[in-house]
Amino acid sequence: MKLKYSLTALLVSCGAVHGANLLTPGDAIIAIGAFGSESSYPGAEAPSAVIDGNTNTKYLNFGKANSGFIVTPSGSSVAQSAVFRTANDAEGRDPKQVSIYGTNDPITSIDNGTGNNENWSLISSFDANLPGARLTTSSPIDFTNGTSYSSYRVSFDTLKNNNDVAQLDEFQLFSGAGGAGGSILGAADSIIAFDTDGSASSNFPGPEGPSFAIDGNSGTKYLNFGGINTGFIVTPGGGASVISGFTMTTGNDAAGRDPNAYVLYGTNDAITSAENSDGNAENWVQIQSGTLNPPPGRGVAYGSEAVTGSTAFTSYRFDVVGNGGDNLMQFAEIQFDGTFIPEPSSAMLAMLGLLPVFRRRR
Ligand SMILES: [Ca+2]
Ligand SMILES: [Ca+2]
Ligand SMILES: [Ca+2]
């Protein structure tokens with residue numbers, strides 16, 4: 001009886017190439033970013049404009065339906081009716097279905113957040129039936145409510161055209177039905193914007209997508225408008241690998257966009273996360289997090305970052321969690337160093353006892 005394969009052959013069959021570049025132009029790569037609220041507004045059309053008593057200023061929210069505002073009057077109140085005033089243009093932007101909530105919790109929701117940090121009680125939900133005429137005050141809308149609240153959340157659940165942005169010139173609550181009693185809201189009240197709809201922050205220009213980070217060209221870059229907490233998921237074409245380090249290259253401009261902190265994850269799941277999603281459709285295992293020191297030069301390589309760990313993964317996720325302070329995030333290149341794990345050969349399987357290893361020579 002004789003071994004068909006020599007020990008050397010077995011080692012060659014099982015051996016892996018160390019110190020290889022794991023990323024190749026053309027590898028599957030998608031942009032990802034963290035989920036936040038859809039809420040945002042132009043600086044000149046902030047939520048304060050809806051309670052400023054000025055009938056020619058409006059609050060506009062790009063978040064469309066399910067946006068609105070949270071307002072905290074100077075004292076607690078029992079609201080029993082509401083009056084709206086339409087804005088200057090685009091009737092499709094007017095709220096249609098509106099829900100008014102109350103809370104006595106302190107407001108900890110942030111401006112342009114999802115507005116859900118507090119325990120909210122629904123006071124009333126109704127079709128506001130706003131007039132089509134512009135800059136026009138609505139008839140009062142009554143609701144049955146005997147409960148006193150310290151803050152209110154007014155949600156534009158639907159709009160006359162849900163594909164449009166949301167806007168409103170003025171809004172007032174009254175302590176009596178039919179717009180009677182005292183007005184509850186004043187221009188000095190604390191007011192913030194919200195949108196309960198979530199939105200992934202990831203978004204990139206067509207010529208600066210994530211594939212440009214692995215194209216081997218330091219003159220092209222990956223830019224994400226979402227800023228920090230965006231990144232990418234890449235699936236090296238060479239198969240499963242163990243990463244041992246990575247090197248990045250700065251973009252052509254704006255050093256404030258350079259990544260300076262990261263979290264690296266691996267998975268062996270098939271990638272089902274969509275482009276510009278939050279990248280959480282897979283089970284991710286954190287490999288390493290750390291800080292980076294971007295070089296001041298443009299199109300210049302960072303020092304290489306060592307990665308420790310011995311687990312092989314088929315895909316990697318790289319989150320940029322810090323940059324130089326810019327609203328955008330970018331880098332020209334990234335390359336992973338590591339070792340591809342070869343597919344098990346028949347000799348390897350034989351070693352594992354899965355195939356007959358000995359053959360009788362005649
Ligand atoms: Ca106004
Ligand atoms: Ca929305
Ligand atoms: Ca590039």
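These values consider heavy atoms only, across backbone and side chains, with no hydrogens, waters or symmetry-generated copies. In each ligand, atom 1 is the first atom listed, and ligand 1 is the first ligand listed.
Among the heteroatoms counted here (N, O or S) of E38, OE1 is the one nearest to the Ca ion (ligand 2). Of all N, O or S atoms in D215, the one lying closest to the Ca ion (ligand 3) is OD1. When distances from the Ca ion (ligand 1) to the N, O or S atoms of D169 are compared, O comes out shortest. Closest approach between the Ca ion (ligand 2) and any N/O/S atom of D195 involves OD2. Take the N/O/S atoms of E170: the one nearest the Ca ion (ligand 1) is OE2. Distances from the Ca ion (ligand 2) to each N, O or S atom of D197 single out OD2 as the nearest. In D52, the N, O or S atom that comes nearest to the Ca ion (ligand 1) is OD1. When the N, O or S atoms of E333 are ranked by distance to the Ca ion (ligand 3), OE2 comes first.
Atom CD1 of residue I30 and atom OG of residue S202 lie 8.5 Å apart, to the nearest 0.5 angstrom. From T249, atom OG1 reaches atom CG of D258 across 10.5 Å, with rounding to the nearest 0.5 Å.
The Ca ion (ligand 1) has an N, O or S atom of A49 inside 3.0 Å of it. The distance from the Ca ion (ligand 3) to the nearest N/O/S atom of I214 is not under 3.0 Å. Contact annotation: N54 places an N, O or S atom under 3.0 Å from the Ca ion (ligand 1). With 3.0 Å as the limit, T220 counts as an N, O or S neighbour of the Ca ion (ligand 3). Because the distance cut-off is set at 3.0 Å, T57 qualifies as a neighbour of the Ca ion (ligand 1) through one of its N, O or S atoms. Within the 3.0 Å limit, A65 places at least one N, O or S atom next to the Ca ion (ligand 2). In summary, K64 places no N/O/S atom under 3.0 Å from the Ca ion (ligand 2), failing the contact criterion.
Under a cutoff of 6.0 Å and an axis angle of 45°, R153 and F194 form a cation-pi pair.
In summary, the side chains of S77 and Y152 do present a donor paired with an acceptor at a separation below 3.5 Å, with no hydrogens or angles considered. Donor-acceptor pairing under 3.5 Å is recorded for the side chains of S125 and Q97.
In this structure, the ring of F318 has its center less than 6.0 angstrom from the ring center of Y262. A distance of 6.0 Å or more separates the ring centres of Y265 and Y316.
The O atom of F212 and the O atom of N217 subtend an angle of 170° at the Ca ion (ligand 3), given to the nearest 10 degrees.
Between P42 and L60, the closest heavy-atom pair is CD-O, 3.5 Å. For the pair T220 and E333, the tightest heavy-atom approach, listed with the atom from each and the gap, is OG1-OE2, 4.5 Å.
Taking hydrophobic clusters as Ile, Leu, Val, Met, Phe, Trp and Tyr residues chained together by side-chain heavy-atom distances below 4.5 Å, F171 shares a cluster with I123.
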